[in-house]
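In what follows, a structure is listed as structure tokens, so that the remarks can point back to it.
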Amino acid sequence: VQLQASGGGLVQAGGSLRLSCAASGRTVSRYAMGWFRQAPGKEREVVAVISGSGSSTYYKNSVKGRFTISGDNAKNTVYLQMNSLKPEDTAVYFCAAGRTYSILERTYEYWGQGTQVTVSS
């Protein structure tokens, strides 16, 4: 599976961005898909996860109510809609695919390149 993340950029606090993760090689419905992020000087952390069927989702507490993860099987793409962005959301965001619905980074086998999200105050 090859993953291509896009949609990052510079936005003011309170603004919105939608990240996309386009998959090729296998359909995303076969995999759990996760969005992770890594801020400067910090470890990579899970942000949101969606199961292959789309029936289960997980969100990091700090993004609940602001971020929404979704999938479009027809486009083989997973999205992360980010609203009410805060400066602390600034990070490089990565999408990943794994065979198990999990919040553990080590369970994800395939990773896209990162996309930078910068939120100015």
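In this chain, numbering begins with 1 at the start of the sequence shown. Keep in mind it's a predicted model, so treat the numbers as computed, not measured.
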Would a single hydrophobic cluster contain both Val1 and Ile50, if residues Ile, Leu, Val, Met, Phe, Trp and Tyr are joined by side-chain heavy-atom contacts under 4.5 Å?
yes

Should Met82 and Val119 be regarded as members of a common hydrophobic cluster, given that ILVMFWY residues are connected when their side-chain heavy atoms come within less than 4.5 Å of each other, either directly or indirectly?
yes

Taking [X] for its side chain and [Y] for its backbone only, find out whether a donor-acceptor pair lies under 3.5 Å.
X      : Y     : result
Gln113 : Ala5  : yes
Asp72  : Lys75 : yes
Ser51  : Ala32 : no
Arg66  : Ser84 : yes

From [atom1] ([X]) to [atom2] ([Y]), nearest 0.5 Å:
X     : Y      : atom1 : atom2 : answer
Ser24 : Leu3   : OG    : CG    : 7.5 Å
Trp35 : Phe67  : CH2   : CZ    : 11.0 Å
Ser20 : Gln4   : OG    : CD    : 10.5 Å
Ser56 : Tyr101 : OG    : OH    : 5.0 Å
Tyr93 : Gln38  : OH    : CD    : 12.0 Å

Does a donor on one side chain sit under 3.5 Å from an acceptor on the other, for Ser120 and Gln12?
no

Indicate whether any N or O donor in one side chain lies under 3.5 Å from an N or O acceptor in the other, for Ser102 and Thr100.
no

Quick check: closest heavy atoms across [X] and [Y], and the distance to 0.1 Å?
X      : Y      : result
Gln116 : Thr118 : NE2-OG1, 3.3 Å
Cys21  : Met33  : SG-CE, 4.0 Å
Ser16  : Asn83  : OG-OD1, 2.9 Å
Ala13  : Pro87  : CB-CD, 4.1 Å
Thr115 : Gly8   : OG1-N, 3.1 Å

Strictly by ring-ring contact (aromatic ring centres under 6.0 Å, His included), give each pair with a member in residues 36-59 just once, sequence neighbours left out.
Phe36-Tyr108, Phe36-Trp111

Considering only heavy atoms from C-beta outward, does the side chain of [X] approach that of [Y] to under 4.5 Å?
X     : Y      : result
Ile69 : Val78  : yes
Thr90 : Val117 : no
Leu80 : Arg18  : no
Tyr79 : Leu19  : no

Cation over ring, Arg37 on Phe94, under 6.0 Å and within 45°?
no

Leu85 and Leu17: CA distance, side-chain angles, deciding distance, side chain to side chain contact (heavy atoms under 4.5 Å, CB included) verdict
CA-CA 8 Å; Leu85 282 161; Leu17 283 173; 4.2 Å; yes

